[in-house]
Amino acid sequence: VELMFAAGTHWHSRFGHLVSYGAGYYGYLYAQVFAADIWSSCMSANINSTSSSLREGGTKIWKEMLIHGGGKDPKKMLKVVLGRDPSVEPFFEGISER
């Protein structure tokens, strides 16, 4: 059953998708972008390497970001972990591989 919008309204210009369920979805998607960047920067190069290399990547993430909880600016912590500004490229590369 298709629901019609009331005549004279501008349903497409509302921001409901940014303040309800959609906001959570976009937040989750944004988190995936950062996670892909962290993975590619700290872990993926070490995946076929020694376990100590993986531990180094994990320890870096722990000490520079996770241990602080909400006590530091997330963007600053992310830049320290990555050693650069965040990028969307690893996320898009991951999507194109699927």
Side-chain angles (χ1 to χ4, degrees):
V1 173
E2 185 177 341
L3 297 175
M4 301 303 292
F5 290 95
T9 63
H10 303 283
W11 63 270
H12 53 277
S13 64
R14 293 190 183 150
F15 293 97
H17 66 288
L18 296 176
V19 295
S20 60
Y21 169 80
Y25 175 78
Y26 291 123
Y28 172 72
L29 192 59
Y30 207 45
Q32 283 186 319
V33 171
F34 294 138
D37 201 8
I38 292 168
W39 175 261
S40 71
S41 177
C42 298
M43 305 300 281
S44 69
N46 300 325
I47 199 71
N48 294 321
S49 191
T50 64
S51 61
S52 64
S53 296
L54 285 174
R55 178 162 297 276
E56 288 171 14
T59 300
K60 181 179 182 181
I61 294 167
W62 171 255
K63 286 186 175 182
E64 300 296 342
M65 188 180 325
L66 298 177
I67 202 166
H68 301 292
K72 284 187 159 184
D73 181 340
K75 186 174 181 181
K76 289 178 182 176
M77 289 188 294
L78 191 56
K79 285 178 77 169
V80 169
V81 168
L82 297 173
R84 57 172 168 70
D85 285 330
S87 170
V88 296
E89 292 307 315
F91 175 75
F92 288 129
E93 288 170 9
I95 289 175
S96 66
E97 292 172 0
R98 294 181 191 163

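All values below were derived from every heavy atom in this structure, side-chain atoms included, with hydrogens, water molecules and symmetry-related copies excluded.
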*Just one of Leu78, Val81, Thr59 clears the side chain to side chain contact (heavy atoms under 4.5 Å, CB included) bar with Glu64, so which one?*
Val81
_Assigning hydrophobic clusters by single linkage (Ile, Leu, Val, Met, Phe, Trp, Tyr; side-chain heavy-atom cutoff under 4.5 Å), is Leu29 placed with Phe92?_
yes
*Measure the spacing between CD of Glu93 and CD1 of Ile95 and express it to the nearest 0.5 Å.*
11.0 Å
*Distance, nearest 0.5 Å, that separates CG of Leu82 from CE of Met65*: 6.5 Å
*Taking C-beta and beyond as the side chain, do Pro86 and Phe34 meet within less than 4.5 Å on heavy atoms?*
yes
*Please report the shortest heavy-atom distance between Cys42 and Ile61, naming the atom on each side.*
CB-CD1, 4.0 Å
*Do Ser40 side-chain atoms and Asp37 backbone N/O form a donor-acceptor pair below 3.5 Å?*
yes
*asked:* Could you see if Trp39 belongs to whatever hydrophobic cluster contains Leu66? Use Ile, Leu, Val, Met, Phe, Trp, Tyr and a side-chain cutoff under 4.5 Å.
replied: yes
*Between Gly58 and Met43, what is the shortest heavy-atom contact and its length?*
N-SD, 3.7 Å
*With rounding to the nearest 0.5 Å, note down the distance linking CE in Met77 to CD1 in Ile67.*
11.5 Å
*Considering non-hydrogen atoms only, spot the tightest contact between His68 and Lys63 and give its length.*
NE2-O, 3.3 Å
